[in-house]
Amino acid sequence: MVVFITGASAGFGRAIAKRFAQEGHRIIALARRKERLESLQKEIKECFIIPCDICNREGLEYHLSSLPKDYQNIDILVNNAGLALGLESADKCDFADWVQMIEVNIKALTSITHLILPQMVKRRSGHIITLGSIAGTYPYPGGNVYGASKAFVRQFVLNLRADLAGTCVRVTDIEPGLASDSEFSLVRFKGDMQKVESLYKDSNALKPEDIAEAIYWVTTLPKHININTLELMPTSQSFAALNVWRENYPQ
Ligand code: 8X3
């Protein structure tokens with residue numbers, strides 16, 4: 001199969017590329033950082049790299065129209081690129097951070113899906129994977145736009161399922177909880193390593209390889225099975241009671 005992975009240079013994306021490559025599949029790896037893509041290319045056998053900003057639709061169009069023959073029929077699109085910026089309360093957030101999350105998590109994800117989906121429908125075969133989050137279902141303080149962007153992703157996937165009835169194209173939203181060993185939290189905390197370390201300390205968080213395994217599983221199930229959403233958390237993570245703020249409100 002040909003597997004197109006966005007955000008493939010590190011973390012989840014890199015682990016997903018390696019998992020599929022291990023089974024002999026061809027990888028198209030897209031990310032901004034060329035050197036990292038080149039190092040991935042050295043690690044796996046059949047890998048075509050696209051150094052491109054996922055927000056650049058013209059760039060995406062160009063690269064998609066110049067894929068080598070063996071890579072033109074994309075069987076799986078893994079919409080992995082995405083980010084969280086900040087964990088402040090909404091009234092204290094930087095608006096530019098909100099815009100950037102919307103640009104990458106929503107606009108870029110829909111852009112690449114829009115470019116690749118028609119060829120899958122035409123061939124009556126293919127699987128679109130998105131990386132959602134538990135934050136798209138469960139609100140938490142500081143989740144504001146990040147969680148909302150992942151709620152978009154979840155609903156987009158379900159709506160795609162409705163549109164794709166009868167096309168044989170499958171769509172799945174993978175929704176991880178706390179996951180370490182990627183740049184996710186370092187980006188979210190803007191390089192504050194102390195915050196990252198205290199978040200993951202003794203947490204037994206999910207690892208990129210766990211996410212890759214989940215994706216490998218949903219995409220290799222018999223063709224008549226479509227996993228719509230797959231929510232996974234580390235066993236150590238669970239739910240807390242709803243918050244009740246107690247004070248006498250002015251009447
Ligand atoms: C990442 C999971 O719990 O940090 O999407 O929101 S969480």
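Count residues from 1 along the sequence. Scope of the values below: all heavy atoms of this structure, side chains included, with no hydrogens, waters or symmetry mates. One-based numbering, in listed order, for ligands and for the atoms of each.
Each of K190, R14, R36 was compared with E183 under the salt bridge (charged side-chain N to carboxylate O under 4.0 Å, His left out) criterion, and only R36 meets it.
Of the possible polar contacts, none joining the T172 side chain to the N228 backbone as a donor-acceptor pair under 3.5 Å is found.
Within ligand 1, the atoms closer than 4.0 Å to a non-hydrogen atom of G177 are 2 (C), numbered from 1 in the order shown. With ligand atoms numbered from 1 in the order given, ligand 1 contributes 1 (C), 5 (O), 6 (O) to contacts under 4.0 Å with heavy atoms of Y146. Taking every heavy atom of A135 and a limit of under 4.0 angstrom, the matching atoms of ligand 1 come to 6 (O). Taking every non-hydrogen atom of S133 and a distance limit under 4.0 Å, the qualifying atoms of ligand 1 come out as 1 (C), 2 (C), 5 (O), 6 (O).
Cation-pi geometry between R188 and Y146 is met: under 6.0 angstrom from the ring centre, within 45 degrees of the axis.
Under the 6.0 Å cut-off for aromatic ring centres, F184 and F189 do not qualify, their centroids lying 6.0 Å or more apart.
Under the 30°/60° scheme for interplanar angles, the aromatic rings of F152 and F156 are found to lie parallel.
Remark: minimum distance from atom 3 (O) of ligand 1 to any protein heavy atom is reached at I134 CD1, 3.7 Å. Distance from atom 6 (O) of ligand 1 to its nearest protein heavy atom, with residue and atom name: Y140 OH, 2.5 Å.
A salt bridge does not link K201 to E197: none of the charged nitrogens lies less than 4.0 Å from a carboxylate oxygen.
At a heavy-atom distance under 4.0 Å, only side-chain atoms of R188, from C-beta outward, approach ligand 1.
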